[in-house]
There are 2 protein chains.
Amino acid sequence: MTQSAVSFQRVVPPSADGGRKAALPIDERPYHHGDLSRALVAAGRRILEAEGPDALSLRAVAREAGVSPAAPYHHFKDKGELLAAVAAEGWDELGAAIAKARAGAPDPAAAITEIGVAYVVFARRNPALYRIMYRSACDKETMPDHAKAEDSGWGHVAETLVAGGMDPADVQEMLLTQIAAWCTAHGVAEMAGFKEFEPVKEALGGEEAFVRAVLRHVGIMSGRRNAN
Amino acid sequence: MTQSAVSFQRVVPPSADGGRKAALPIDERPYHHGDLSRALVAAGRRILEAEGPDALSLRAVAREAGVSPAAPYHHFKDKGELLAAVAAEGWDELGAAIAKARAGAPDPAAAITEIGVAYVVFARRNPALYRIMYRSACDKETMPDHAKAEDSGWGHVAETLVAGGMDPADVQEMLLTQIAAWCTAHGVAEMAGFKEFEPVKEALGGEEAFVRAVLRHVGIMSGRRNAN
DNA sequence: GCACGTATCTAAGCGGTGTCAAGATCATCT
DNA sequence: AGATGATCTTGACACCGCTTAGATACGTGC
């Protein structure tokens, strides 16, 4: 494409406001968005944070992106695929948070706990996003691709277990440990907000301390061995 | 009320077919149902089992019960309240399954594992119901009343821990242990179907053995103590 | 520099949903 | 018998996911 034909929809670069164009006067709105799929995902996350997962409709996302209700169908097969794209972003960010937590831990045993804490903290800070993330996974009964990639939570747990002395050839033991760790983190993530636990949280000095206590209580890789 | 005024809508007792009346000729259908709220919950469970949680709409429930779309609003404030009623039934049944599993265990340590297995088995056999159960709990960030009642999962875990020697006065330790157990069971319940775990399940001889292995791996109350 | 194919978007509409307001019907109490 | 309150229906509204048909703009080939 020649530079002479610079298209006017780039006057406001799409990344500047996350793809929102609804504020523009109608006749200044370009027919082609330019980067709609990314803008739709961004709009989805905004709605998610502002109004919760139940408000996340395809039409609302299109509205937020300043586009007709049918436009998203040219970028996503259906609503589920859009949600999966939003969820994928979440899994990536969760993976990054976990990597950071692991890097800051002094030894593998501590790393396992810190990974769990980072997991729960992420889920508690982004509850709507976390629900979307898990819903698409549970529906398909598969771990999301972004969650089992190398630089993801799952991978970091595996590496940490090996660093802590576990034999990577013992696939069964590795898997059982990873599953146990993952399940506990997921459970804590979904239940940590329950009002019944407020007293304990206060006694321990806040929710993060509470989470740490629960995870340590389970004690994945804390030196104990199983009676089997 | 006098017995002389026996109402004709009792000709077919509501429990006989679970409240379904759609099969009756239209002009034989009584204007008043007689036991609609119970029938609606029963209809909800039928739809849940037959078509999954996404098909569980208020209108579908009303249809299944042979009643107009607005009728449920005279018995439930909104859709959420109907779902909560369905969920409550689920929590009761889960409590019963847990009680049974606990009763069949030789000692407290085994009981904890069996309780967990019963929990996961229930969730895996009634996946749609289980999702409804947890959704209404997570939305309100409270344990469902039916789940924390005396003869419920939560109560049975507590009693088992005490029977195993834990000091009930140590509220914090009790709660942390219960939470850890509950979280693990919930996590396993939601992830046990993941395709990635198929090999391990086969190696262990089925899904129930797999669940047992994971739960034992966490080892709530299996004689080990925490490094804390 | 222009035409054409294709990607992108809009408009209109279908059947479905949750929810509400108004009216019909029935059980019961006086 | 008449009034009252509970229960159910009818009809409507706004929103939803999704489809089809047509409009528009981009970029490539000439």
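Sequence lines set the chain letters: A, B, ... in the order given, protein chains first and strands last, and positions in each chain run from 1.
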Inset, instruction - Using whole Å, report how far CG of B:Asp54 lies from P of C:dG16. - result: 16 Å
Inset, instruction - Kindly say whether, by distance alone, the side chain of B:Arg59 makes a donor-acceptor pair under 3.5 Å with the base of C:dG16? - result: no
Inset, instruction - Give the nucleotide from the list D:dC8, D:dC16, D:dG17 with an atom nearest to the side chain of A:Tyr73. - result: D:dG17
Legend entry - A:Glu51 and A:Arg46 ion-paired at < 4.0 Å: no
Inset, instruction - Side chain of B:Ala70 only, please: which of C:dT10, D:dC8, D:dG11 is the nearest? - result: D:dG11
Inset, instruction - Classify the ring geometry between B:Tyr119 and B:Tyr130 as parallel (under 30°), tilted (30 to 60°) or perpendicular (over 60°). - result: perpendicular
Inset, instruction - Quick one: label B:Ser68 by what it contacts on the DNA or RNA (base, sugar-phosphate, nothing), any heavy atom closer than 4.0 Å. - result: base
Legend entry - Note: A:Arg131-A:Glu190 ion pair, threshold 4.0 Å (strictly below): no
Inset, instruction - Could you check how far NZ of A:Lys77 sits from C1' of D:dG17, rounded to whole Å? - result: 12 Å
Inset, instruction - Calculate the interatomic distance between B:Leu58 atom CG and C:dG16 atom C1'; express it in whole Å. - result: 13 Å
Inset, instruction - Look at the aromatic rings of B:Trp154 and B:Trp182 and report parallel, tilted or perpendicular, splitting at 30° and 60°. - result: perpendicular
Legend entry - Whole-Å distance separating the NE2 atom of B:His75 from the C1' atom of D:dT9: 13 Å
Inset, instruction - Return the nearest nucleotide to the side chain of A:His74; candidates are C:dT10, D:dG17, D:dC8. - result: C:dT10
Inset, instruction - Using whole Å, report how far CG of B:Asp78 lies from C1' of C:dC20. - result: 13 Å
Inset, instruction - Find the distance B:Leu83:CG to C:dT17:C1' and express it as a whole number of Å. - result: 13 Å
Inset, instruction - Quickly work out the A:Lys79 NZ to D:dC16 C1' distance and round it to whole Å. - result: 8 Å
Inset, instruction - Could you state the atom-to-atom distance from CZ of A:Arg63 to C1' of C:dT10 in whole Å? - result: 16 Å
